[in-house]
Amino acid sequence: MSGAFVRVALDSPLPTLFDYRCDSPPPSPGTLVAVPFGKRTIVGLIVEVSAHSDVPAERVRSVEAVCSACAPLSSEWLELVSFAADYYQRSLGEVALPALPQALRDPDRWPRLFAVEPRYRLTDAGRAALPDALPARAAALRRLADALAGGQVLGASDARALHPKAGATLAAWQAQGWIEAEPAAGPDGALDGAARSNGETSAAGDERVAAVRPALTDEQTQAVDAIAGAQGFAPFLLHGVTGSGKTEVYLRALERLFAARPDAQALVLVPEINLTPQFEAAFRARFAGLAGAEAIVTLHSAMADGERARSWLAAHTGRARIVLGTRLAALASLPALAMIVVDEEHEPAYKQQEGLRYSARDLAIWRAKQRGIAVVLGSATPSLESWWQAEQGRYRRLSLSRRAVADAVLPSVRMIDLEEERRRGRGSVDGISGPLVAALKARLERGEQSLVFLNRRGYAPVLACDACGWVAGCPRCSAYVVLHKNEHALRCHHCGWESRVPRACPECGNVDIAPLGRGTQRVEETLAALVPGARVLRIDADSTRRKGSAQTLFSNVHAGEVDILVGTQMIAKGHDFQRVSLVGVLNADAALFSHDFRASERLFAQLMQVSGRAGRSGLAGEVLVQTRYPRHALYHALGRHDYVGFANATLSERRDAQLPPFVYQALLRAEARTLDAAFAFLKAAGAALSDLPFAERVTVYDAVPMTIVKVANVHRAQLLIESASRASLLATLRAWQPMLRTLKGVLRWSVEVDPLDI
DNA sequence: AGCACGCCGACT
DNA sequence: GTCGGCGTGCTC
């Protein structure tokens with residue numbers, strides 16, 4: 001049989017490519033195709049084009065459709081996903097296809113995605129009618145009309161750049177006869193989009209955010225100079241205390257980049273885009289002058305399919321200069337990528353916790369190396385991995401040690417010794433100590449805001465019976481259920497199971513069942529009673545469940561309608577509260593003695609972060625930490641704002657204990673209907689491992705049940721393997737994977753490289 | 001992973 | 001007599 005064959009990567013765990021016949025002019029690697037696969041048609045990615053195939057001719061089927069409107073993914077991008085597939089032990093297709101926007105993986109949507117966008121110009125009728133037809137307050141529409149009146153030819157993406165909802169406006173105006181379509185100029189999706197519209201239209205909507213360029217501190221200036229002056233692969237660790245102006249350093253470095261290379265692209269990663277609207281606003285304001293309606297695009301999982309596809313295509317075609325996104329943006333196609341920023345690089349959110357468990361930060365660094373460009377990792381509390389790299393001189397450290405706003409100093413941090421309070425007979429009320437209550441009252445009198453941080457949502461973590469010791473547990477998980485008093489419900493935070501609160505103990509009938517411990521709901525209730533007159537607001541995953549409600553709640557805080565804000569780590573991130581001068585921390589101690597060796601690193605980062613919310617704008621900030629261990633080294637370091645001391649001490653502990661970053665780890669997880677089945681599989685897997693090459697350089701631990709053994713009736717266990725050599729670990733995993741596939745059993749298993757939780 | 005086929009229990 | 005449970009096998 002003659003004709004061309006293509007080797008296609010498909011989103012399937014099978015570790016192979018699939019051959020298809022493709023007789024039309026053979027598309028190049030990186031092209032998307034729709035192919036028959038079993039009973040269905042799915043979208044795959046051409047990896048190779050070949051004149052022959054090793055698959056028996058009768059089994060080879062034909063490509064159904066070629067997505068020729070979409071420029072092929074570059075060989076550089078294919079290298080990136082190949083690397084990630086190899087590193088994280090997945091098939092190429094399992095990495096490549098989920099990295100694409102969902103809309104692109106549906107052949108039915110291709111025509112619309114790549115349709116040439118109609119471009120409109122004003123008609124005489126429109127010139128007469130449009131000025132009077134607009135609602136008085138529709139500033140975005142006014143600008144759109146003005147642009148048309150100025151002789152510009154505009155499309156829907158220009159309208160959307162003015163206002164997200166203005167995309168349909170042009171079509172409506174055309175129907176009125178006010179504007180008319182221009183003859184099509186050429187296919188979209190090619191690399192010619194950048195010049196379509198000018199800066200004036202894209203600047204839109206941001207007049208209100210003044211693009212203030214604050215004066216830089218000396219440290220900021222040095223950082224910007226270092227980043228902008230870097231040649232080749234240049235990883236920077238930007239270590240800046242909270243409020244020291246890291247964002248301004250990113251902005252200036254990017255300004256310098258675009259001044260030198262107007263066509264360059266930059267990737268800016270943030271841990272959670274919904275929490276950082278002001279971050280996005282700062283970028284839009286500062287870079288309002290960049291050419292093109294899609295000069296700045298965002299990419300995150302909360303976006304609608306179509307919008308996400310548009311952003312992705314703007315990045316892929318080079319129209320987007322700045323791509324601002326969450327971890328999934330780390331895999332975007334960026335042909336002119338010239339600089340990467342990873343803000344809050346220590347955040348665990350950069351590690352995907354399901355499916356392909358990649359670290360967006362680590363992939364970002366790999367990409368920077370691949371392209372020979374600068375990558376800036378910013379944090380007030382860098383991950384110990386990154387800190388260690390800087391200590392070894394592999395990353396260049398840039399320090400911002402002072403707050404950038406004049407007069408803003410770091411808050412004073414004080415421990416409230418709960419043991420001493422108890423000894424002196426000044427017991428706390430429902431977990432909130434006298435000194436904290438007094439401090440809250442003082443702020444209320446001064447008209448300042450306070451923030452109370454507690455990393456546990458719900459009303460109480462457990463509901464227990466005093467008489468017989470019964471504790472409310474989840475029937476499907478090996479975990480307690482959390483009491484949510486407002487909703488009159490017990491809820492499992494692992495599987496979502498819910499039930500009504502029982503009136504009496506189901507074991508012994510005792511009616512005196514009582515909540516044990518405290519969650520945010522209970523603290524909210526208690527504070528309202530302890531601090532009369534205070535307006536208390538709670539922000540956590542439960543109070544913000546409805547879409548957009550977090551935004552509303554936070555704006556209440558900013559507007560000064562709240563005196564005391566109670567919440568989980570949600571309140572610690574990204575928000576610049578101008579009137580907060582007191583931060584109270586409850587119940588932090590548990591993490592000090594956790595089995596998870598990373599718990600203290602996380603706790604320290606969280607407490608530094610939440611402490612940073614106090615006294616941002618020149619108010620004297622104070623942080624009060626309630627603890628039974630006021631002399632613990634972690635709190636000692638926190639009190640002195642001493643990240644460096646904490647990091648170096650923790651690193652040396654890690655070195656002594658041979659823990660990451662001094663060893664590399666991987667986990668084999670098994671999920672089965674019984675724990676025995678999971679263990680049997682892991683034992684066999686561990687035994688198989690010892691026969692592999694490199695095995696002597698790899699340590700295999702015993703299989704252990706996971707902390708929450710049972711979730712939603714599935715029993716889970718895991719096997720840890722580690723090595724001082726990353727290469728040996730990877731080589732072992734590569735050889736191990738095929739053996740695991742042959743170990744039969746009715747269970748699901750997965751390998752995770754560089755796990756964060758073990 | 002999907003999605004089939006295939007062989008045993010409780011129901012319109 | 002069927003509907004449907006999930007075990008097993010295949011996908012170019």
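Within every chain, numbering begins at 1; the chains are lettered A, B, ... in the order of the sequence lines, protein sequences first and strands thereafter. Just so it is clear, the model here is predicted, and its values are computed rather than measured. Computed over heavy atoms, backbone and side chain alike; hydrogens, waters and symmetry mates excluded.
Applying the side chain to side chain donor-acceptor pair (under 3.5 Å) test to A/Q569 and every residue at least two apart in sequence or in another chain returns A/Q606. By the side chain to side chain contact (heavy atoms under 4.5 Å, CB included) test, A/Q352 is found to be paired with A/R327, A/E354, A/Y358, residues two or more places apart in sequence or in another chain being considered. Every residue meeting the side chain to side chain donor-acceptor pair (under 3.5 Å) condition with A/D19, not counting sequence neighbours, appears here in chain and number order: A/R7, A/S53. A/D542 meets the salt bridge (Lys or Arg N to Asp or Glu O under 4.0 Å) test with A/R457, A/R491, A/R545; sequence neighbours excluded.
When DNA chain B is scanned 5' to 3' for any atom under 4.0 Å from a heavy atom of chain A, the first and last hits are B/dA1 to B/dC3.
Within 4.0 Å of A/R673, counting heavy atoms only, lie sugar-phosphate atoms of the nucleic acid but no base atom.
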Quick one: which protein N/O atoms are closer than 3.5 Å to N/O atoms of nucleotides 10-12 of chain C? Pair and distance per line, please.
| from | atom 1 | to | atom 2 | distance (Å) |
| --- | --- | --- | --- | --- |
| C/dT11 | OP1 | A/R59 | NH2 | 3.2 |
| C/dT11 | OP2 | A/R59 | NH2 | 3.1 |
| C/dT11 | O3' | A/G38 | N | 3.2 |
| C/dC12 | OP1 | A/Y20 | OH | 3.4 |
| C/dC12 | OP1 | A/P36 | O | 3.1 |
| C/dC12 | OP2 | A/R61 | NH1 | 2.7 |
| C/dC12 | O3' | A/D19 | O | 2.6 |
| C/dC12 | O3' | A/R61 | N | 2.9 |
| C/dC12 | O2 | A/D19 | N | 2.8 |

Donor-acceptor pairs under 3.5 Å, side chain of residues 31-41 of chain A to any protein atom, not counting sequence neighbours: which ones?
| from | atom 1 | to | atom 2 | distance (Å) |
| --- | --- | --- | --- | --- |
| A/T31 | OG1 | A/S28 | O | 2.7 |
| A/T41 | OG1 | A/E64 | OE1 | 3.1 |
| A/T41 | OG1 | A/E64 | OE2 | 3.4 |

What side-chain donor-acceptor pairs closer than 3.5 Å can you find for residues 82-89 of chain A, not counting sequence neighbours?
| from | atom 1 | to | atom 2 | distance (Å) |
| --- | --- | --- | --- | --- |
| A/S82 | OG | A/L78 | O | 2.7 |
| A/D86 | OD1 | A/R734 | NE | 2.7 |
| A/D86 | OD2 | A/R734 | NE | 3.4 |
| A/D86 | OD2 | A/R734 | NH2 | 2.8 |
| A/Y87 | OH | A/R726 | NE | 3.2 |
| A/Y87 | OH | A/R726 | NH2 | 3.3 |
| A/Y87 | OH | A/D754 | OD1 | 3.4 |
| A/Y87 | OH | A/D754 | OD2 | 2.6 |
| A/Y88 | OH | A/S359 | N | 3.0 |
| A/Q89 | NE2 | A/D86 | O | 2.9 |

For residues 680-690 of chain A, which side-chain donor-acceptor pairs fall under 3.5 Å, sequence neighbours excluded?
| from | atom 1 | to | atom 2 | distance (Å) |
| --- | --- | --- | --- | --- |
| A/S690 | OG | A/A687 | O | 2.6 |

Before you tell me yes or no, could you show the steps for A/T699 and A/E722 under side-chain hydrogen bond (donor to acceptor under 3.5 Å, both in side chains), namely the whole-Å CA-CA distance, both residues' side-chain angles and the distance that decides it to 0.1 Å? CA-CA 5 Å; A/T699 309; A/E722 67 179 29; 5.0 Å; no
